[in-house]
Amino acid sequence: MKIVDAAILASTAASLASAATFAPVALDPPLNWVVGSYLWPAEIIAGYNAEVNSTDWNETAWDSYILAQCETYTACTSSITWQGTNSGSTGGRYWYGYVFRGGATNESFYVRDTDVDSNVTLSSAWTIVE
Ligand SMILES: *[C@@H]1O[C@H](CO)[C@@H](O)[C@H](O)[C@H]1NC(C)=O
Ligand SMILES: *[C@@H]1O[C@H](CO)[C@@H](O)[C@H](O)[C@H]1NC(C)=O
Ligand SMILES: *[C@@H]1O[C@H](CO)[C@@H](O)[C@H](O)[C@H]1NC(C)=O
Ligand SMILES: *[C@@H]1O[C@H](CO)[C@@H](O)[C@H](O)[C@H]1NC(C)=O
């Protein structure tokens with residue numbers, strides 16, 4: 001019994017030691033922020049997208065999903081999500097999400113996309129707390 005308890009304590013301690021803490025990046029409205037040149041493209045770990053349709057995702061669920069993807073990478077230090085219009089021939093609204101290495105971020109790491117055709121909305125970013 002003592003051996004089992006020790007093993008559980010050791011594994012709990014190890015998972016606490018490796019769990020990074022993330023906090024929302026304060027972004028001023030309007031929320032048309034995309035990734036700035038420090039992170040893009042050098043620090044991208046992975047990118048994700050999903051068609052915007054009635055049931056699959058909402059803003060909070062997509063944002064949580066992308067942050068969860070970030071947390072699966074030891075090197076991940078920030079994430080961003082937004083909704084935008086696909087500039088390709090098929091068009092349509094998509095959720096976009098990217099996860100990055102490169103350290104903690106603040107609003108200065110992001111740039112506004114004011115292109116009417118991109119129509120970026122609902123931007124949300126997370127940064128590692130160092
Ligand atoms: C939403 O889009 C995804 C990806 O194209 C598709 O798999 C899914 O069936 C769509 N859901 C609805 C409710 O249209
Ligand atoms: C977003 O989706 C999640 C998971 O499906 C759900 O729990 C939540 O209520 C939804 N939020 C809104 C604002 O619709
Ligand atoms: C944002 O981050 C940069 C780089 O770490 C730093 O120089 C700057 O002071 C930060 N800005 C704010 C408002 O914290
Ligand atoms: C931008 O997208 C939003 C959300 O789909 C939509 O309500 C709005 O009409 C769009 N604006 C433009 C200029 O296309």
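All ligand and atom numbering here is 1-based and tracks the order in the structure.
The shortest contact between atom 5 (O) of ligand 4 and any protein heavy atom is with Arg93 NE, 3.5 Å. Ranking protein heavy atoms by distance to atom 11 (N) of ligand 3, first place goes to Asn106 ND2, 2.9 Å. Ranking the protein heavy atoms by distance from atom 4 (C) of ligand 2 puts Ala61 CB, 4.4 Å first. Summary of contacts: the protein heavy atom closest to atom 12 (C) of ligand 2 is Asn58 ND2, 3.2 Å.
Within a 4.0 Å radius of atom 9 (O) of ligand 4, the protein contributes no non-hydrogen atoms. Closer than 4.0 Å to atom 2 (O) of ligand 3 lies at least one heavy atom of the protein. Put simply, atom 14 (O) of ligand 3 has protein non-hydrogen atoms near it, under 4.0 Å away.
Linking ILVMFWY residues whenever their side-chain heavy atoms come closer than 4.5 Å, directly or via other members, places Val25 and Trp82 in the same cluster. Linking ILVMFWY residues whenever their side-chain heavy atoms come closer than 4.5 Å, directly or via other members, places Tyr73 and Ile66 in the same cluster. There is a path of hydrophobic side-chain contacts, each under 4.5 Å, that joins Val52 to Tyr65. In the hydrophobic clustering of ILVMFWY residues, with side-chain heavy atoms under 4.5 Å counting as a link, Leu31 and Val120 come out together.
Contact of the Arg93 side chain with the Asn119 side chain is registered, since non-hydrogen atoms from C-beta on lie closer than 4.5 Å.
Side-chain contact, Asp56 with Trp95: no donor N or O sits under 3.5 Å from an acceptor N or O.
For the pair Trp62 (side chain) and Tyr96 (backbone), a donor-acceptor distance under 3.5 Å is present.
Residue contacts with ligand 4: Thr121 is placed with no nitrogen or oxygen under 3.5 Å of a nitrogen or oxygen of the ligand (distance criterion only).
Short contacts between ligand 4 and Gln83, defined as distances under 4.0 Å to a heavy atom of the residue, involve ligand atoms 4 (C), 5 (O). Atom numbering of ligand 3 starts at 1 in the shown order; those under 4.0 Å from a heavy atom of Ser108 are 1 (C).
Which of Val52, Val116, Asn119 comes nearest to atom 6 (C) of ligand 4 through a heavy atom is settled by distance: it is Asn119.
Using the six-membered ring where Trp is involved, Trp40 and Tyr98 have ring planes that are perpendicular, over 60° apart on the 30 and 60° scheme.
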